[in-house]
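This report refers to the structure that appears directly beneath it.
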Amino acid sequence: MATVQKPASSSDSDPRYANIDEKKRKRMLSNRESARRSRMKKQKLLEDLVNEVSALQKNNTQICEKIKFTTQRFVKMEASNSVLRAQVIELTESLQSLNSMLQMVEDVSGYDVDIPEIPDPLMKPWQLPCATQPICSTFDG
């Protein structure tokens with residue numbers, strides 16, 4: 001049986017070319033390893049970005065829930081404040097009516113009646129005199 005021999009290339013027989021082939025092989029291996037590291041680095045970066053997106057979406061959901069809760073509380077407080085403002089106006093009108101009655105009593109009886117001035121609570125509520133009794137609230141928020 002005859003074996004077919006590969007024709008010898010010039011690089012197989014010449015030691016100068018053997019060294020070049022070895023360099024080429026090492027360069028190819030080095031390039032493959034570099035490409036593998038690059039792919040791994042890219043994959044790691046992608047995983048990190050996916051994790052960051054997930055964390056940011058979770059954070060965003062929590063913030064949206066807090067905004068929703070806070071908005072609901074704000075709406076409740078605003079409604080409560082509207083009721084309190086209406087009550088202040090109603091009580092102020094009652095006090096004015098009582099003061100006018102006191103004025104009539106003073107005019108008719110001739111006695112000097114101390115009629116307190118009623119501040120306008122809607123103009124400067126921060127200047128109202130402090131109540132002597134604590135104000136209780138039934139807010140269940």
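- Its side chain outside the 4.5 Å cluster rule for every partner, Tyr111 clusters with none of the Ile, Leu, Val, Met, Phe, Trp and Tyr residues.
- Crowding of Gln62 atom CD: a count of heavy atoms from other residues, nucleotides or ligands under 6.0 Å exceeding 12.
- A search for side chain to side chain contact (heavy atoms under 4.5 Å, CB included) contacts involving Leu102 returns Asn99, Val113, Ile115, not counting sequence neighbours.
- Within the hydrophobic cluster formed by Ile, Leu, Val, Met, Phe, Trp and Tyr side chains joined at under 4.5 Å, directly or through other members, Ile67 is accompanied by Ile63.
- Residue pairs meeting the salt bridge (Lys or Arg N to Asp or Glu O under 4.0 Å) criterion with at least one partner in residues 26-40, sequence neighbours excluded, are Glu33-Arg36, Glu33-Arg37.
- Judged by distance alone, with hydrogens and angles left aside, the side-chain atoms of Thr70 form a donor-acceptor pair with the main-chain N or O of Lys66 at under 3.5 Å.
- Here the CD-OG1 distance, from Gln87 to Thr92, works out to 11.5 Å after rounding to the nearest 0.5 Å.
- Between the side chains of Glu93 and Gln96, no donor-acceptor pair is found at a separation under 3.5 Å.
- Residue Leu45 shares its hydrophobic cluster (ILVMFWY side chains chained together at separations under 4.5 Å) with Leu49.
- Classification of Asp21 and Arg25 as a salt-bridged pair fails, no side-chain N sitting under 4.0 Å from a carboxylate O.
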Check: residues 51-60 side-chain donor-acceptor pairs under 3.5 Å, at least two apart:
{"residue": "Asn51", "atom": "ND2", "partner": "Glu47", "partner atom": "O", "Å": "3.3"}

